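Comments concern the structure below.
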Amino acid sequence: MKKHIILFLFFCKMSQSTLANEFKDLKIYTENNPPYVVVNEKNEISGLVGEKVVKALKKLKIENEVKIEVVPWARALIEAKKQKNVMIFPFVKTKERLGIFNFAILAYKQTLNFYKLKDTKGIEVRNLEDAKKYTTCVVRNDYRHEHLLQANFTKIEETTQQTQNVQKFLNKRCELIIIAEEGLKAKLKELYSNMNVVEKVLEVPEFDGNIYIAFSPGSDESMIHKFKEVTEK
C-alpha cells in the first residue's frame with residue numbers, strides 16, 4: 001500500500017512538472033484597469049477578468065511558475081504582437097486585431113455606449129453619424145479608438161490612460177465619451193463621482209465591446225486549449 005502511495009505521488013509530481021514545462025515559455029500581460037483587472041498594493045490580481053486568469057493558473061497548478069506582468073498597455077500590445085506564447089487581457093476585438101490575435105476565451109460580455117454629461121445642453125445623438133458631430137474622449141490606440149477610426153470619426157480627443165480620459169470628460173474637455181457602463185461606473189467611483197452626472201445618449205451594438213482573454217500569433221494551440229478548458233469550467 002505504501003509503495004502504491006509513493007508511486008501515485010511520484011506520478012502526480014511528474015504530471016505537474018510536465019504541465020509546468022509545457023507553459024514555461026508563456027508570458028502574460030495585463031494592465032490595472034478596474035473593474036476588469038484590479039491590481040492592489042501587493043501586486044495581487046483580481047477583477048471581473050483578472051480573477052478568471054488567476055483561477056485558471058491555479059487549476060493548471062502553474063501559478064508559481066507563470067507570473068502575470070502588469071505593464072503599460074502600449075508595451076503589452078507591442079510585446080504580444082512580436083512574440084508567440086503571449087496571453088493578453090482584458091482584450092477586445094477590432095478589425096485590425098482580428099487578423100493578428102487568437103481571441104480564444106470570451107471572459108465578459110458588455111455593450112459600448114456614448115455618454116454625455118447631464119448638464120451639457122444641445123447634444124443630440126440618435127445614431128453614429130450624429131455622434132461624429134461632437135468631440136469624443138478616447139484612450140489612444142485602445143479598441144474604442146480603433147472602432148471610431150474605422151467608422152471615420154475625426155473629432156477625437158486622445159489621452160494615454162483611462163482614468164485620465166474620464167477625468168477629461170468630466171472637465172468638459174470633450175462632449176462625449178464611448179465606454180461600457182461597467183467601466184464608467186468604476187472610473188467615476190475612482191474619481192469620487194457617480195453615474196448621476198452622466199447620461200447615456202446612444203448604445204453602439206455595431207462595435208464589439210466584449211472582453212476576451214487573447215493569445216499572440218503563433219502561440220501553442222495545445223496550451224491555448226488547456227487554458228480555454230479550465231477557464232470555461
Side-chain angles (χ1 to χ4, degrees), residues 30-31 33-37 47-49 73-74 76-77 88-191 193-214:
T30 191
E31 64 169 347
N33 185 5
Y36 314 105
V37 179
L48 297 172
V49 181
W73 192 244
L77 204 53
I88 185 169
F89 72 94
F91 213 52
V92 176
K93 288 181 181 178
T94 65
K95 287 183 180 179
E96 181 185 348
R97 293 175 183 178
L98 273 172
I100 303 172
F101 296 95
N102 183 338
F103 290 83
I105 302 163
L106 174 58
Y108 190 77
K109 291 185 178 182
Q110 63 177 16
T111 304
L112 291 176
N113 307 302
F114 279 98
Y115 293 88
K116 76 174 190 69
L117 294 174
K118 275 187 179 176
D119 64 357
T120 302
K121 307 300 180 185
I123 294 178
E124 293 185 14
V125 182
R126 292 158 295 188
N127 50 49
L128 283 179
E129 290 304 310
D130 285 344
K132 291 178 184 179
K133 301 173 187 175
Y134 306 101
T135 52
T136 302
C137 278
V138 297
V139 175
R140 186 181 303 129
N141 294 331
D142 93 339
Y143 69 96
R144 287 152 291 209
H145 189 194
E146 289 186 39
H147 280 319
L148 295 188
L149 292 176
Q150 288 283 346
N152 299 314
F153 276 68
T154 57
K155 302 178 76 172
I156 296 173
E157 286 289 329
E158 300 176 21
T159 54
T160 57
Q161 199 267 344
Q162 188 62 275
T163 303
Q164 181 186 5
N165 187 47
V166 175
Q167 182 67 73
K168 192 174 181 179
F169 170 62
L170 292 175
N171 291 340
K172 300 185 178 180
R173 299 273 301 281
C174 55
E175 295 160 294
L176 301 174
I177 192 168
I178 180 169
I179 192 169
E181 182 177 339
E182 297 86 343
L184 183 56
K185 281 180 180 177
K187 291 303 175 186
L188 288 173
K189 183 178 180 181
E190 185 180 337
L191 293 166
S193 187
N194 58 62
M195 294 293 285
N196 292 332
V197 303
V198 303
E199 178 183 335
K200 182 170 77 172
V201 293
L202 183 68
E203 187 174 304
V204 197
E206 298 96 319
F207 298 162
D208 187 347
N210 294 324
I211 306 292
Y212 293 82
I213 297 167

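Everything quoted here is computed from the prediction, not taken from an experiment.
- Enclosure of atom NZ in K189 is not indicated, since only 12 or fewer non-hydrogen atoms of other residues, nucleotides or ligands lie within 6.0 angstrom.
- Across every non-hydrogen atom of D130 and V125, the tightest pair is CB-CA, 3.8 Å.
- When all heavy atoms of L112 and G209 are compared, the pair lying nearest together is CG-CA, 3.9 Å.
- Rounding to the nearest 0.5 Å gives a distance of 5.0 Å between OG1 of T111 and CD of E203.
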Give the C-alpha distance, both sets of side-chain angles, the deciding distance and a yes or no for side-chain contact (heavy atoms from CB on, under 4.5 Å) between M195 and E181.
CA-CA 9 Å; M195 294 293 285; E181 182 177 339; 4.0 Å; yes
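- For K185 (side chain) and P35 (main-chain N/O), no donor-acceptor pair under 3.5 Å exists by modelled atom type.
- T136 places no side-chain N or O within 3.5 Å of a backbone atom of I156 that could act as its donor or acceptor partner.
- The CG atom of D142 lies 10.0 Å from the CD atom of E158; values are rounded to the nearest 0.5 Å.
- Contact check for F207 versus L148: side-chain heavy atoms found under the 4.5 Å cut-off.
- Listed for the H147 side chain is a donor-acceptor partner under 3.5 Å among the backbone atoms of D208.
- The minimum heavy-atom distance between H145 and V139, with the atom names listed, is CB-O, 3.4 Å.
- Side-chain N or O atoms of Y134 include one that pairs as donor or acceptor with a backbone N or O of E124 at under 3.5 Å.
- The backbone N or O of I179 sits nowhere less than 3.5 Å from a side-chain atom of R144 that would complete a donor-acceptor pair.
- In the model, T163 has a side-chain atom that pairs as donor or acceptor with a side-chain atom of E190 under 3.5 Å.
- The residue from N210, L98, I213 that alone fulfils the side-chain contact (heavy atoms from CB on, under 4.5 Å) condition with F103 is L98.
- Heavy-atom minimum distance, V49 versus I211: CG2-CG2, 3.6 Å.
- Between R173 and E157, none of the side-chain N atoms (NZ, or NE/NH1/NH2) sits under 4.0 Å from a carboxylate O, so this pair counts as no salt bridge.
- Under the ring-ring contact (aromatic ring centres under 6.0 Å, His included) rule, F91 has a single partner from F101, Y108, Y143, which is F101.
- G183 and Y36 get closest at one heavy-atom pair: N-OH, 3.4 Å.
- No side-chain N or O of N127 forms a donor-acceptor pair with one of E129 less than 3.5 Å apart.
- Inter-residue side-chain proximity for P34 and K187 is flagged as met; some heavy-atom pair is nearer than 4.5 Å.
- Of the possible polar contacts, none joining the E199 side chain to the K116 backbone as a donor-acceptor pair under 3.5 Å is found.
- Looking at E175 and K133, their side chains never come closer than 4.5 Å, going by heavy atoms from C-beta outward.
- In this structure, T30 contributes its side chain and F89 its backbone to a donor-acceptor pair below 3.5 Å.
- Side-chain contact between Q162 and E31: absent, with no pair of heavy atoms (C-beta onward) separated by less than 4.5 Å.
- Between the CZ atom in F169 and the CD atom in Q164 there is a gap of 15.5 Å [rounded to 0.5 Å].
- For the atom pair CG (N152) and NZ (K132), the distance works out to 5.0 Å, reported to the nearest 0.5 Å.
- Atom CG of N194 is separated from atom CG of L184 by 10.0 Å, given to the nearest 0.5 angstrom.
- Taking OH from Y115 and CG from L176, the interatomic distance works out to 12.0 Å, rounded to the nearest 0.5 Å.
- At least one side-chain heavy atom of K172 sits under 4.5 Å from a side-chain heavy atom of D119.
- Taking all atoms of both residues into account, the shortest heavy-atom contact from N196 to K118 is O-CD, 3.1 Å.
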Intermediate values then yes/no, side-chain contact (heavy atoms from CB on, under 4.5 Å), E206 and L128
CA-CA 9 Å; E206 298 96 319; L128 283 179; 4.0 Å; yes
